[in-house]
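Naming: A, B, ... by sequence-line order, numbering from 1 per chain. These values consider heavy atoms only, across backbone and side chains, with no hydrogens, waters or symmetry-generated copies.
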Amino acid sequence: MAKTGYAWPSREKSRLLGKSHDRIDGLVKATGEAKYTYDVNLKNQLIVKCLSAPFGHLRITKLDTAPAKEIPGVVEVLVFPHAGVGKEIQWDGELLVAVAAESESAAREGVQAIRFDYEKLDVFTNEEDLEAAKAAGRTMRTRSSEPTTEREPGDDDDEDEFYEAEFKRLFDQCDVVVEGFYGIPVITHCCLEPHGSTLEYKDGKLRVYLSTQNVSGTDDGFAKALEMGADQVEVICQYIGGGFGSKFSPGYWGIAAARLAKSTGRPIKFMLDRDQELKIAGNRPSGYIKVRLGADKNGEIKVWDSHQWGTSGYRGGGVSDRVVPYVIQAPSRRVRATPIKVNAMQAAAWRAPNHPQACVMTQCALDDLAARLGISSLDVFLRNVKHISSRQKQEVYAAELKRAAELIDWKSKWHPHGKGPAKGSVVEGLGIALHTWGGTANNSECRLRIYPDGGVESFCGTQDLGTGTRTVCALVLAETFGLNVEDVRVNIGDSKYPPSGASGGSTTVGAVCESHRRAAQDALARLFETVAPKLSAKPDELEVGVGCIRVKGKPDRSLSWREACALLGLKPLEVTASHKRGAASPLSDEGVGGVQIAHVAVDRDTGVVRMKQFVAVQDMGLIVNRKTATSQVHGAVIMGIAYALFEERILDPSTGQFVNAELADYKLPRIGDVGEIVVDLYEPEDQRARGVIGLGEPPVISPGAAISNAVCNALGVRVPVLPLTPKRVLDAIRQANGRG
Amino acid sequence: MKDPGKSSGMHFHRRAFLQGSGAVAAATAISGGAAEAASRASRLVRSKTQITLHVNGSDHQVAVEPRDTLLDVLRYQLDLTAAKPVSSDGSSGASTVLVDGKPMTASTLLAIACRGKKIETCESVSSHHPDRICRTFVKHDSLQCGFCTPGFVVAVRAFLKRHPDATREQIRQGLNGNLCRCGTYADMIEAVVDLVKGGGNG
Ligand code: FES
């Protein structure tokens with residue numbers, strides 16, 4: 001068989017790719033028929049509810065589960081291995097005991113019957129205050145990256161002394177030096193479907209309905225814990241109610257569910273409660289930074305010197321110093337980072353790990369530079385395009401900056417920081433930020449069948465997080481075969497299918513495009529071989545038309561798709577094709593840019609920030625489904641508005657309790673809070689030619705910095721720490737007035 | 001702005017109810033009379049009553065405890081899982097159903113209080129016979145993970161009944177009882193604008 005040259009059809013030849021298509025599972029979701037893990041009800045199932053730690057740091061002194069077992073309906077009680085008497089618990093919300101019962105009510109009653117007591121231990125939560133953390137002994141060793149400077153230390157130089165002198169020299173040469181403090185606190189993933197599973201153990205086999213971003217990679221975890229073969233475990237996830245980076249593993253609660261299923265012989269449903277979901281099932285590290293930024297009088301940056309701190313929880317962590325300064329990098333720079341340990345659950349990957357925080361921690365300083373110089377931040381960003389370090393080209397950023405500026409009408413709306421006209425107490429402002437992301441295609445394998453009756457069916461152990469993966473698979477197959485989306489059947493969401501990578505880091509659409517296009521092209525090549533004699537042609541003289549296979553240039557010599565497939569005889573044609581992450585491919589690439597501009601209105605009397613308009617210009621290589629690509633960007637921007645203006649984890653400093661771990665208190669934007677969002681998918685020919693690149697993460701990166709910069713442009717005052725709540729806005733105004 | 005239809009004397013806060021009812025019983029060691037009283041209260045809470053619930057046009061016999069929420073009964077007894085358990089206090093709107101035509105969160109209603117009322121869930125239509133709201137949601141891609149979507153669909157049904165000619169501004173103001181983490185609001189506004197114009201009828 002001739003080796004297939006994998007490629008995408010050109011823009012002109014694409015019948016489906018790049019156009020707008022409804023998602024194929026849209027109606028099933030909209031009508032509520034879609035069964036999520038929480039919705040799967042297995043016959044005779046037990047429901048699990050948990051006792052969780054009520055304090056930020058404690059030692060268990062008493063744990064008597066006998067009374068729980070007395071509650072009618074309670075069937076089994078499981079004490080987690082980390083939760084016996086004498087054990088130390090480091091954060092609020094940690095699960096201690098699981099109660100399996102005939103109903104939710106009985107399980108809750110069982111939980112409340114547990115006799116539990118504890119000794120309170122010292123709590124530290126103040127991650128924003130580096131000095132307080134030092135005093136409490138909660139800081140870890142400060143990491144310093146190798147400074148980048150004009151001059152290098154000589155062999156005899158003391159390095160510390162040399163760099164002190166060198167940075168002093170470099171800053172002295174600058175026309176302007178800006179000093180700033182910026183911060184972005186911990187937020188949670190807050191998946192609307194909490195983490196959990198519904199599962200059954202039967203005849204030595206475990207079948208798990210798991211709310212997961214990793215259908216093909218979680219069976220191992222269950223198998224190991226239960227000492228069984230991974231082939232005895234099936235993980236299923238047809239629909240998932242949000243993951244955002246927090247749902248890659250079974251979780252210790254998943255393992256406990258499996259153990260309970262085994263010990264009780266009954267199916268188990270074990271989903272976290274809302275407060276548990278917020279407290280222990282995923283959060284994003286905080287980042288605070290002190291920056292000195294030196295530049296010339298035109299706003300071109302020369303020197304960056306920063307010290308950051310923050311936390312990922314009880315093990316320290318914080319925002320990676322490797323992404324600071326973010327994208328726009330001064331030629332000379334030095335970065336230090338001090339991790340802080342607090343009493344809170346350790347962080348998990350949150351959509352575009354490190355980037356949104358690093359963007360705020362860097363590009364707010366850049367905007368403050370514009371403010372200091374009284375020049376337009378657009379000019380400052382454009383002037384510094386030459387200092388962009390990214391896998392996307394500088395020219396693309398320049399084009400995207402100009403495009404975004406046009407779309408928001410920068411020219412007529414911009415004014416110097418704090419100098420805009422006020423309507424009563426309301427002032428408006430514009431702010432810019434830009435970002436980068438990889439988005440490489442993950443590992444993926446696709447098994448494809450073409451049936452003699454013309455049916456097409458694919459199998460792939462990927463998952464659709466709501467990004468439209470299922471629809472993308474169908475589009476790629478339909479495009480390749482000249483069929484309509486309804487003519488192909490896509491099977492995903494089951495670990496028994498060929499493996500596909502976890503959906504993290506915008507790697508899924510690239511992955512499934514790779515495996516499905518390869519499988520489809522391979523299958524088509526085989527079908528051409530079968531069909532060629534019938535059309536008195538060679539296989540390489542054939543092509544696909546709409547619903548048919550025909551001889552190139554001779555449209556009258558063709559067979560309908562069904563006729564062609566009938567030639568397969570009795571057996572379906574089956575092919576399997578795969579892509580390996582990192583392998584060079586004409587179908588996919590990595591490395592995108594993206595520019596966003598926010599337009600806000602701020603009420604100086606109330607401190608309320610309103611979104612007016614938000615422009616997001618985003619490249620992503622080749623666009624597969626314009627409709628879902630656009631809604632992905634909408635969603636990312638709204639998630640960005642959430643952490644820019646509304647959400648944060650609030651820990652009580654004396655108890656370590658996560659005090660706003662319910663949705664009434666954990667503020668998220670509502671439909672009336674998001675203003676108008678304008679999305680521009682940047683896909684000129686040279687970008688399209690790169691193939692598919694993931695899109696999920698990049699547009700969620702810039703909103704924090706863009707919105708903070710817009711508020712600063714409106715007020716002429718930096719509100720240093722996100723989210724920009726009325727209180728923080730008013731505090732910043734008051735402080736500025738006090739000083740001025 | 002909260003949907004006015006959603007404030008109702010029928011609602012309760014689940015946690016408060018469980019605690020107030022004595023189900024909380026022996027959270028810490030209680031002895032003697034208090035424990036007995038608590039366990040008596042628990043027994044009361046647990047006793048089941050046969051009731052008829054009128055859901056999506058038909059009657060269903062269910063056995064409920066006084067403490068059972070409408071949401072639990074819909075999901076666990078009738079396997080109607082479109083209404084979702086997202087927040088026990090109803091602040092996400094994900095469990096929104098219509099009770100006598102009014103949008104309410106099933107997670108804050110006691111099943112027993114819904115006797116004699118007409119309950120309509122998202123499942124009153126199906127993917128084979130979708131209503132125009134569902135079709136228009138798909139057309140504008142007003143859903144991503146879809147976990148919040150049935151709650152929104154029901155909220156929009158109620159909203160359009162009261163505001164068939166809603167302006168964009170009214171739409172922004174009138175659907176704030178529901179929460180979406182994936183950020184489908186922008187596309188949802190377009191869907192509702194389209195619906196007001198008569199979209200989804202074709
Ligand atoms: S679509 Fe995922 S929460 Fe709304």
S.K.: Show, in sequence, the C-alpha distance, side-chain angles and deciding distance for B:Arg181 and A:Leu668, and conclude whether the side chain to side chain contact (heavy atoms under 4.5 Å, CB included) test is met.
M.R.: CA-CA 8 Å; B:Arg181 183 53 158 162; A:Leu668 290 169; 3.2 Å; yes
S.K.: With no hydrogens and no angle check, is any side-chain donor or acceptor of A:Arg23 less than 3.5 Å from a backbone partner on B:Leu143?
M.R.: yes
S.K.: If you count heavy-atom pairs under 4.5 Å with chain A, which of B:Arg168, B:Glu123, B:Lys84 comes out on top?
M.R.: B:Lys84
S.K.: Quick check for you: among A:Gln632, A:Lys627, A:Glu676, A:His21, which has the greatest number of heavy-atom pairs under 4.5 Å with chain B?
M.R.: A:Lys627
S.K.: Checking B:His163 now: which residues fulfil ring pair (Phe, Tyr, Trp, His ring centres under 6.0 Å) with it, not counting sequence neighbours?
M.R.: B:Phe159
S.K.: With respect to chain B, which residue among A:Met271, A:His189, A:Arg351, A:Gln45 yields the maximal number of heavy-atom pairs within a distance under 4.5 Å?
M.R.: A:His189
S.K.: If we define contacts as heavy-atom pairs under 4.5 Å, which of A:Thr31, A:Val637, A:Ile638 has the most with chain B?
M.R.: A:Thr31
S.K.: Distance-only, no hydrogens or angles: does the B:Tyr185 side chain make a donor-acceptor pair with backbone N or O of A:Gly635 under 3.5 Å?
M.R.: no
S.K.: Do A:Ser105 and B:Asp68 have side-chain N/O donor and acceptor atoms under 3.5 Å apart?
M.R.: yes
S.K.: At what distance, to the nearest 0.5 angstrom, does CD1 of B:Ile189 lie from NE2 of A:His634?
M.R.: 9.5 Å
S.K.: Just how far is it from atom OG of B:Ser127 to atom CG of A:Leu27, taken to the nearest 0.5 Å?
M.R.: 6.5 Å
S.K.: Is the backbone N or O of B:Asp89 less than 3.5 Å from a side-chain atom of A:Glu662, with the two atoms forming a donor-acceptor pair by type?
M.R.: no
S.K.: Please tabulate, for the side chains in residues 74-82 of chain B, all donor-acceptor contacts under 3.5 angstrom to protein atoms that are two or more places apart in sequence or on a different chain.
M.R.:
{"from": "B:Arg75", "atom 1": "NH1", "to": "A:Asp39", "atom 2": "OD1", "distance (Å)": "3.0"}
{"from": "B:Arg75", "atom 1": "NH1", "to": "B:Thr81", "atom 2": "O", "distance (Å)": "3.1"}
{"from": "B:Arg75", "atom 1": "NH1", "to": "B:Ala83", "atom 2": "O", "distance (Å)": "2.9"}
{"from": "B:Arg75", "atom 1": "NH2", "to": "A:Tyr38", "atom 2": "O", "distance (Å)": "3.0"}
{"from": "B:Arg75", "atom 1": "NH2", "to": "A:Asp39", "atom 2": "OD1", "distance (Å)": "2.7"}
{"from": "B:Tyr76", "atom 1": "OH", "to": "A:Glu104", "atom 2": "OE2", "distance (Å)": "2.8"}
{"from": "B:Gln77", "atom 1": "NE2", "to": "B:Ala63", "atom 2": "O", "distance (Å)": "2.9"}
{"from": "B:Asp79", "atom 1": "OD1", "to": "A:Asn41", "atom 2": "ND2", "distance (Å)": "2.8"}
{"from": "B:Thr81", "atom 1": "OG1", "to": "A:Lys35", "atom 2": "NZ", "distance (Å)": "2.7"}

S.K.: Quick one: CD on A:Glu109 to CD on B:Glu65, what's the gap to the nearest 0.5 Å?
M.R.: 8.0 Å
